[in-house]
Each structure stands twice: as C-alpha cells, then as structure tokens.
Amino acid sequence: MRINKYLSSIGVASRREIDRLVESGSVIVNGTMATPGMQVSEKDVIEINGKKLHKKSEKKLYFMLNKPTGVISAAKDDRGRKTVVDLIKCKERIYPVGRLDFDTEGLILLTNDGDFFNKLMHPKSEVYKEYHVDVMGRVNKLEMDKLKRGIKLEDGITLPAKVELLDSSHETSKLRITIREGRNRQVRRMCKAIGHPVIHLKREKIGELGLGDLKKGGFRELTKKEVEYLYSL
Ligand code: URA
C-alpha cells in the first residue's frame, strides 16, 4: 500500500500530513529515508521523527494544551522554534489537531489518533470554536452585525458567527466570537475587515470543551468522556 494511505489507515495522521513528513525526510522505513508514494506493509519497521511506530498496539492519546503565544502549532519546526508538541511531556509521537497562530494563545488539542484528527478537521464537521478577542477601537452595532452575518474575505464570505461585545472603550473593545470554520487567520482577518485590528486573541473553547483553570503553557490528558464528546460533534 502507498505509504501515505497505509499510515493514515492505521491512524498516524492525515494523508496530507504524512506527505509533508515524507517530503521533509522525517520518515524512515527499514533504516532508509522514505520516498513519496513508496509501497509499505505491516512487515516494515517505520520510524517517524526518530520514534518507532507501534502499529496496532499504539495507545491512543489525547491532550489539551493552553498554548502560550510564541509557540508553533506543528509537530516540528524547520527553524527550530518551540512547538506545541515540545510543551507536552509525552514520549509517543503526537501532533496538533489544527492550528493556532504563533501569536494566538489558548486551547489546542493534540493526539496520535488519526480518526480523531480527521473527524475534527473535516470541513463539514463545522465544530464551534470560541475566541476572546481584544481589538483596536470601539466596535459599533453595525460592525457587530457584519461579523455575525458573514464577512467578505479574499477566500469567500465567512459563515454566520456568534458575536458578543463584552466591553468597550474609545481605544479598545473586547469581543467573544464563535465561528465554525477554521480558515487561516480567520478571526484576525474578520476583525481587520470591519476596521478593528486584533490586539490579543485567545481560543477559549472547542465545542463545549473549555480550558477551565489550565494555566498558560499547562496541559492535561482528556478524559474518556471528553474524547467521546469530541467524537460526537
Ligand atoms: N483565527 C485567527 O485569526 N487566528 C487563530 O489562531 C485562530 C483563529
């Protein structure tokens, strides 16, 4: 079976993510660097980023992290910057479910379960994500309505969003914005489009799962109930 198909079928990551890993030279098959499209089977010994793959016996792991700013949402960074995986003390190979920008903080999930990853990342899953946002200037009702209805961005109109004004002064406003898409820098682009650039952005919730009292940089394993809940979304 082709390497990307094989590794995604046993839940390592999505095919696209595997292609990226193969291209970056992070996948070793029987001691030799893997090539895109190569054929592999159960008999092969496969290592990813120096960690041997434990096929069927692989224990499924699920973490939540309160990501600080200044950390990359990836398993590995070419430029050697700290990643969300570096913050989790786990010997197994795990990877983030989706991304938060370098300068965004808050809730991010990590796992080694490819089905979980695919389920949450599928565009049709439309899982709600709640952000607390500080923006420049006072946001008025008309601008709030624009955010709620959908905003025209370069990659199309955004889906309707839930938007609440938590506080505002002449200089800044605090908003709670809940969206069910995951486009690149979406909240930042939405706020900029109504003339209020983001100063600070934090993801508080994915569905009903929140950070609770997890401190910045802190992580914990998800409970069985939480994993079941996220699978149900
Ligand atoms: N929207 C953004 O603009 N950035 C993030 O990190 C997440 C959502």
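As the structure lists them, so they are numbered: ligands from 1, and atoms in each ligand from 1.
Of the N or O atoms in V187, one or more lie within a sub-3.5 Å distance of an N or O in ligand 1. Taking only nitrogen or oxygen atoms, main chain and side chain alike, D101 reaches within less than 3.5 Å of ligand 1. Between Y131 and ligand 1, no N or O atom pair is found at a separation short of 3.5 Å.
Ion pairing of R176 with E130 is present here, as a side-chain N (NZ or NE/NH1/NH2) and a carboxylate O approach within less than 4.0 Å.
Less than 4.0 angstrom separates some heavy atom of Q186 from each of these atoms of ligand 1: 1 (N), 2 (C), 3 (O). Residue contact check: L201 has heavy atoms under 4.0 Å from atoms 1 (N), 2 (C), 3 (O), 4 (N), 5 (C) of ligand 1. Within ligand 1, counting atoms from 1 as listed, the ones closer than 4.0 Å to a heavy atom of T104 are 4 (N), 5 (C), 6 (O).
No hydrogens or angles considered: nothing links the side chains of S173 and R138 as a donor-acceptor pair under 3.5 Å.
A cation-pi arrangement, defined by a distance under 6.0 Å to the six-membered ring centre and an angle within 45 degrees of its axis, is present between R81 and F102. A cation-pi arrangement, defined by a distance under 6.0 Å to the six-membered ring centre and an angle within 45 degrees of its axis, is absent between K205 and Y128.
One N or O on the side chain of Q39 and one on the backbone of M1 form a donor-acceptor pair closer than 3.5 Å.
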